[in-house]
Every structure is written in C-alpha cells, then in structure tokens.
Protein chains: 2
Amino acid sequence: MNEGARLYAVLQRIRPVHELSARAVGAALEGTDLTVPLRAVLERLHDDGPQTVPSIARRLYVTRQGVQTLVDRARELGLVQTRPNPEHRRSHLVALTPRGEETFTTLHAAETDRLVTVARGLDPADVAACVRVLDHLVTRLEELITTTERNDP
Amino acid sequence: MNEGARLYAVLQRIRPVHELSARAVGAALEGTDLTVPLRAVLERLHDDGPQTVPSIARRLYVTRQGVQTLVDRARELGLVQTRPNPEHRRSHLVALTPRGEETFTTLHAAETDRLVTVARGLDPADVAACVRVLDHLVTRLEELITTTERNDP
DNA sequence: GAAGACTTGACAACTCACTTGTCATTCTGA
DNA sequence: TCAGAATGACAAGTGAGTTGTCAAGTCTTC
C-alpha cells in the first residue's frame, strides 16, 4: 500500500463525516432562522473579520452569487451589516452586528460543549495530527484543481 | 482550549476538504457517464460486495430512494446487475458487473496515482492518526444524531 | 493617462443531489 | 398469527449551489 492509498482512506471518510456533522449542526439550528450555509458565513466573519462578499466566497469555495444571497438574508435578520469599503467604492464590507456576534458566539459555545462528549476517548495528539493532514489536503487539492482547470477549458 | 474546541478545528476543515475533493473527483469523471454519487455506489459495491439498495443507502447516509435512482442508472450503463436475494423475495442484491468492476478499478487506480503527489510531505503517522480520528467521529456523530432524533420528532 | 483585462454587484435561470410522502408488498418477531 | 418494520416503486418538492449576463468599478501596462 503506497502513500496514495493511505491518503485515500482519509478522503473516503470525509464524506460520511461531512454528512453527519452537517446533519448534527443542522439539527441544532432547527427552530432558528439560521441554516448551515448561513452559519458558515457568520463563522467566516467571526473568525476573519469584516470582508467583502467575494472574499467570503473564496474562503468557502463557493461562488460569490451564492454568498450574496446568504449575506442578503443575514442582513434581513439583522445579523450582519454592510459598511463602506475604503478600498472599493461598490464592494462594501460585510460585518457582524452585535446581535450577529452574539448569535454566533452562543451557538458556537453550545456546539463545542456537545463536542466535548464526542471527543471523549480521542488522543489529543491524533486530533492535532488530523488537523495537519486536513490543512495539507486543502492546500494541495486547491493547487491540483486550479492547475488542472487551467489546462482543461 | 478544551477537547471540544480542538475537535472543532477538525470539523471546520471537513467542509473545505469535502468541497475540494468532490471537485477533484468530479473533474476526473468529466467526459464519462459517471457522477460523484454514482461513483460512491460503485465504491460501496466494490469494497463491501453485493448488497441490497437499502444497505447501500445506510452506508452512504442517504435515503434508499436516492440510491435506487443511482442503481437504476448504473444498471442502464451496464455497470451493475441485480440478482435474486435468497434472504428476500423482492429486495434483490445489487452487484458490480465485470465491466463495472473494471471501470471502478481503473478509475480508482488513477485516483490513488494522483494522490501520491498530494501525499508528498505528509507524515504517514499523521495520516494514520487522521483516519483514527475520522472513524471515531463517524461513530460518535452517528450516535449523537440517532439519540437526538429519537427525542425530537 | 488611456486602453484592455479583471473584479464586483445585481438579477435570473437552471442543475443536481437529496428529501419527503405514499401505498402495496414482503419480511420479522413477539 | 398478526402487528410493526422494511422494501420497491413512483411522485413531488427542497435547498444548495452553478452558470450566464451586463453594467459599474478597479487594476495593469504601456
């Protein structure tokens, strides 16, 4: 078994984990006005600060059009606000409102609480290693895709 | 930072990796009659052998209705065949045809080949640890979901 | 500083994976 | 044996995300 096959074992498990975690996150959002993708936008704003719609889209690996819809909805819900962007006249910065900040922080705290149970029995060193591998994968897969799509179309 | 927060770092990376790997797999499927979900069905049949539609669905964490559609399409393409199930009169077993077997094997070999490049610079021990963590996550998240949805609806 | 290439906002149509719902048939287990 | 669960088959719906387009703004390069 070579390194490719070993790494394949990781990718094989990504889909189930993604499916299940999305379901778990979605269940926690039940009853609120939030959805999983909307939550993802709030997370990006929380972690990386105010930024433009295309910037969020790039970090989430989706199109800016999709993010625009989410941001519009978040603004209707009073969770984000747009403010002038000194670097671009039309492309406003999107930022969390105090209410958006609080909503996400509360939600996130509840999530990590539940994760403590899930983490039981897991070696912290393994978790750290897993993060390293996933970061590596993001970087390399992104390279792989951008290089192949430069040749294809 | 507690174990919950540490594990959250893993989940935060699942979505990007899923997105990017799905895109990479999809790009490789371009020009063929296969799609990513159809490929997933073939993989299950290849790895776990002949089984019924609901069985595939459970392993993929999707509904049997969705898998039924995929199996129908795979049968039209001559990649799978149904055969009588000694344990159930209506619920046939789905199995790869020789052509389906060959299609998947070829595809999979090409994928692991490309993964060798991606794996470069990665510690094999880290990869193994990552697999352990992901397996743990699948088990625990599944428990988490089934217990919560037993109380909810 | 002007021309061309790229980015962004805005609106629209569309695709695809997956769900939910239903009913008849088959299986399982107390 | 009989109620409850699983399955096939068909149908409709949902939601996340894409593709396309055009005008307005920004960047690059000469």
Side-chain angles (χ1 to χ4, degrees), chain A residues 15-16 18-23 25-27 29-30 32-41 50-76 80 82-94 145-146 149-150 152-153, chain B residues 15-16 18-23 25-27 29-30 33-42 44 51-76 80 82-94 145-146 149-150 152-153:
Chain A
R15 192 168 258 278
H18 178 257
E19 189 66 38
L20 292 171
S21 64
R23 210 165 289 193
V25 170
L29 263 34
E30 198 108 347
T32 72
D33 293 323
L34 294 176
T35 62
V36 175
L38 187 48
R39 185 206 159 285
V41 168
Q51 53 195 299
T52 64
V53 166
S55 161
I56 302 171
R58 278 188 292 269
R59 288 170 189 268
L60 294 178
Y61 301 99
V62 294
T63 57
R64 65 199 166 81
Q65 286 89 334
V67 172
Q68 187 66 56
T69 310
L70 293 169
V71 166
D72 289 347
R73 198 151 83 236
R75 207 170 49 169
E76 284 171 15
V80 306
T82 55
R83 58 167 78 151
N85 182 0
E87 314 206 327
H88 198 298
R89 210 191 311 178
R90 283 180 82 206
S91 193
H92 300 298
L93 287 177
V94 184
I145 289 166
T146 50
E149 80 184 4
R150 244 198 292 280
D152 270 353
Chain B
R15 194 168 255 278
H18 178 257
E19 189 65 39
L20 292 171
S21 64
R23 209 166 290 192
V25 169
L29 261 35
E30 198 108 347
D33 293 325
L34 295 177
T35 61
V36 175
L38 188 48
R39 184 206 159 285
V41 168
L42 299 185
R44 294 292 17 101
Q51 54 196 299
T52 64
V53 166
S55 162
I56 301 171
R58 279 188 292 268
R59 288 171 190 269
L60 294 179
Y61 300 98
V62 294
T63 57
R64 65 200 166 81
Q65 287 87 334
V67 172
Q68 186 65 56
T69 310
L70 293 169
V71 166
D72 289 347
R73 198 151 83 237
R75 207 171 48 170
E76 285 170 14
V80 307
T82 55
R83 56 168 81 149
N85 181 0
E87 314 206 325
H88 199 297
R89 208 191 313 175
R90 283 180 81 206
S91 192
H92 299 299
L93 288 176
V94 184
I145 288 166
T146 50
E149 79 184 6
R150 245 198 291 280
D152 270 354

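Just so it is clear: chains get the letters A, B, ... in the order the sequence lines come, proteins before strands, and each one is counted from 1. Note that the coordinates shown come from a computational prediction; the quantities given were computed from them, not determined experimentally.
Reading DNA chain D from its 5' end, the first and the last nucleotide to sit under 4.0 Å from a heavy atom of chain B are dT7(D) to dT18(D).
Side-chain N/O atoms of Thr63(B) include none lying less than 4.0 angstrom from OP1 or OP2 on dC18(C). Within the 4.0 Å cut-off from OP1 or OP2 of dT8(C), at least one side-chain nitrogen or oxygen of Arg58(A) is found. For dC27(C), one of the phosphate oxygens OP1 or OP2 lies less than 4.0 angstrom from a side-chain nitrogen or oxygen of Arg89(B). Taking 4.0 angstrom as the limit, Arg23(A) places a side-chain polar atom (N or O) nearer than this to OP1 or OP2 of dT19(C).
Nearest-nucleotide assignment on DNA chain D puts the 5′-proximal partner with Ser91(B), out of Ser91(B) and Val62(A). When each of Leu70(B) and Thr52(A) is assigned the nucleotide of DNA chain C with its nearest heavy atom, Thr52(A) is the one assigned upstream, toward the 5' end.
Considering every non-hydrogen atom in both Gln51(B) and Arg44(B), the closest pair reads NE2-O, 3.4 Å. Residues Ile145(A) and Leu20(B) share a closest heavy-atom pair of CD1-O, 3.2 Å. Contact between Pro86(B) and Leu93(B) at its shortest, heavy atoms only, is CD-CD1, 4.5 Å.
If you check every strand for non-hydrogen atoms under 4.0 Å, Val36(B) touches nothing. Backbone-only engagement by Thr35(B) is indicated by non-hydrogen atom pairs under 4.0 Å involving sugar-phosphate atoms exclusively. Within 4.0 Å (heavy atoms only), Arg15(A) reaches sugar-phosphate atoms of the nucleic acid but no base atom.
Not one N or O on the side chain of Arg39(A) forms a donor-acceptor pair closer than 3.5 Å with the backbone of Leu29(A). In this structure, Arg83(A) contributes its side chain and Pro50(A) its backbone to no donor-acceptor pair below 3.5 Å.
Going from atom CD of Glu19(A) over to atom C1' of dC18(C) covers 9 Å, rounded to whole Å. Per the geometry, CD belonging to Gln65(B) stands 14 Å off P belonging to dC23(C), to the nearest Å. The CG atom of Leu60(B) sits 15 Å away from the C1' atom of dT19(C) (whole-angstrom rounding). Between Glu30(B) atom CD and dT15(C) atom C1' there is a gap of 14 Å when expressed in whole angstrom units. Between His92(A) atom NE2 and dT7(C) atom C1' the separation is 15 Å, expressed in whole Å. The nearest whole Å value for the distance from the CG atom in Leu38(B) to the C1' atom in dC18(C) is 15 Å. In this structure, the CZ atom of Arg90(B) is 12 Å from the P atom of dA24(C), given to the nearest Å. When rounded to the nearest whole Å, the span between CD of Gln51(A) and P of dG9(C) equals 12 Å.
Note that CG of Leu38(B) and OG1 of Thr69(B) are 11.0 Å apart. Values are rounded to the nearest 0.5 Å.
Using a 4.0 Å cut-off between a side-chain N of Lys or Arg and a carboxylate O of Asp or Glu, Arg15(A) and Glu19(A) do not qualify as a salt bridge.
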